[in-house]
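A short write-up of the structure that comes next.
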Amino acid sequence: MILQKTKNYSPDKLNSIKQLSDYKDLVLQYAPIENEYRYALREMSAKLENLDDYCQMRFAHNPIHHIESRIKTLDSIIEKIERRGYEPTLDNLRTYIYDIAGIRVVCKYINDIYQIVDLLSKQKDLEIMIKKDYIVHPKDTGYRSLHIVFIIEIYVDDEIKKVPVEIQFRTLAMDMWACLEHELRYKSHNQLSITQQNELKEYSSTLYNVDLNMQKIYISTIVGDDDND
């Protein structure tokens, strides 16, 4: 179910990246630390797949359509630290950057998202650090998603370490809109006009209504049938 992984980095490879040449100390310190985030990513991905299997057995429904995962590259981490006004140090990396390990969970229905989050929140080795619900309260652009930073406990070198993992939960419709909007907004050489921005926001609302209506059909035709058995 995991569609995307990031290759491990080594100090030699990181040192060869031109834009990182001014951050050699951080480069050398980061390589072993990156493995902690990679372990956390695998543990969290396994939890999600297990919950999907549980829902299939318990409710005859797989809520998760697909999962994508990635480890943020060090040059992106440094850019984000500096953009927030902090020195690019290992301490600041640990303190202020919560999305080094990132997962995108694409679900079939809106209710599926909240069901998976509820099941995750009951696990003793997880705690919610940050929660931003852009489904109920979308961004001004029309972007919808549920962002949660979970702190997960992992075992590394006989130690228990707590590592943040950011998960973005979306429906298929939300994911389609977000991917295309990102390409239009950030990869186009031409800036979007106010009219085009308003159109994208309107399309987001239309797709959200589609999500709600598809969910109603699912509940009335499939969940309702199960209740009548």
Side-chain angles (χ1 to χ4, degrees), residues 41 44-45 47-48 51-52 55 61 63-70 72 76-77 79-81 83-86 95-123 126-152 163-188 191-220 223:
L41 193 68
M44 186 62 78
S45 296
K47 285 179 178 293
L48 288 163
L51 287 178
D52 191 59
C55 290
H61 172 63
I64 298 177
H65 183 271
H66 69 271
I67 300 172
E68 300 175 19
S69 65
R70 64 102 180 96
K72 203 174 190 70
S76 295
I77 294 170
E79 186 275 331
K80 190 167 188 176
I81 291 175
R83 178 158 38 90
R84 293 186 173 184
Y86 301 105
T95 302
Y96 300 112
I97 307 300
Y98 308 128
D99 63 343
I100 294 175
I103 300 176
R104 182 178 300 157
V105 180
V106 180
C107 294
K108 297 174 182 176
Y109 303 102
I110 296 172
N111 283 353
D112 291 336
I113 293 173
Y114 294 102
Q115 181 184 35
I116 292 294
V117 171
D118 180 63
L119 291 170
L120 284 173
S121 66
K122 294 176 180 177
Q123 300 197 14
L126 293 178
E127 61 179 286
I128 294 177
M129 180 182 182
I130 298 171
K131 182 176 181 179
K132 296 181 180 179
D133 194 336
Y134 298 119
I135 297 176
V136 176
H137 305 288
K139 292 185 177 182
D140 291 340
T141 60
Y143 174 85
R144 293 180 188 268
S145 184
L146 177 60
H147 292 199
I148 300 183
V149 176
F150 285 96
I151 302 297
I152 184 171
V163 181
V165 178
E166 184 191 65
I167 307 183
Q168 297 178 0
F169 297 90
R170 302 173 181 172
T171 63
L172 286 160
M174 294 173 194
D175 189 56
M176 182 271 288
W177 183 94
C179 291
L180 295 180
E181 190 270 349
H182 178 79
E183 182 174 29
L184 291 170
R185 187 177 296 273
Y186 296 103
K187 296 185 178 181
S188 173
Q191 186 174 359
L192 294 175
S193 67
I194 298 299
T195 298
Q196 290 170 329
Q197 292 177 39
N198 289 335
E199 286 176 344
L200 287 172
K201 189 173 182 178
E202 181 181 344
Y203 300 153
S204 172
S205 296
T206 299
L207 287 171
Y208 181 63
N209 288 328
V210 170
D211 264 334
L212 293 174
N213 289 327
M214 295 294 284
Q215 183 170 271
K216 288 178 183 177
I217 294 172
Y218 168 73
I219 291 173
S220 64
V223 177

Nearest-0.5 Å distance that lies between atom [atom1] in [X] and atom [atom2] in [Y]:
| X | Y | atom1 | atom2 | result |
| --- | --- | --- | --- | --- |
| R185 | Q197 | CZ | CD | 5.0 Å |
| N111 | T171 | CG | OG1 | 11.5 Å |
| L51 | C55 | CG | SG | 6.5 Å |
| Q115 | H61 | CD | NE2 | 7.0 Å |
| I67 | L48 | CD1 | CG | 5.0 Å |
| I167 | I113 | CD1 | CD1 | 12.0 Å |

Beyond-backbone contact of [X] with [Y], side-chain heavy atoms, under 4.5 angstrom:
| X | Y | answer |
| --- | --- | --- |
| Q123 | L120 | yes |
| K139 | Y134 | yes |
| I97 | E166 | no |
| D99 | K80 | yes |

[Y] backbone acceptor or donor facing [X] side chain under 3.5 Å:
| X | Y | answer |
| --- | --- | --- |
| N198 | I194 | yes |
| Q168 | S145 | no |
| D118 | Y114 | no |
| Q215 | I110 | yes |

What's the verdict on side chain to side chain contact (heavy atoms under 4.5 Å, CB included) for S121 and K131, showing C-alpha distance, side-chain angles and the deciding distance? CA-CA 12 Å; S121 66; K131 182 176 181 179; over 6 Å; no
Of all heavy-atom pairs between S45 and S69, which one has the smallest distance, and what is that distance? OG-CB, 4.4 Å
Cation over ring, R144 on Y208, under 6.0 Å and within 45°? yes
Check against side chain to side chain contact (heavy atoms under 4.5 Å, CB included), L200 and W177: CA-CA 8 Å; L200 287 172; W177 183 94; 4.2 Å; yes
Applying the side-chain contact (heavy atoms from CB on, under 4.5 Å) criterion to L172, which one of D211, V210, V106, L207 satisfies it? V106
Could you pull out all residues at least two apart from E79 that satisfy side-chain contact (heavy atoms from CB on, under 4.5 Å)? R83
For R170 and Y143, which I'm curious about, is there any donor-acceptor pair between the side chains at under 3.5 Å? yes
Verify whether one side chain among H65 and D112 offers a donor that lies under 3.5 Å from an acceptor in the other. no
Side chain to side chain contact (heavy atoms under 4.5 Å, CB included) between I135 and M174, worked out: CA-CA 9 Å; I135 297 176; M174 294 173 194; 3.8 Å; yes
Output, in order, the C-alpha distance, side-chain angles, deciding distance and verdict of side chain to side chain contact (heavy atoms under 4.5 Å, CB included) for K47 and I152. CA-CA 11 Å; K47 285 179 178 293; I152 184 171; 3.9 Å; yes
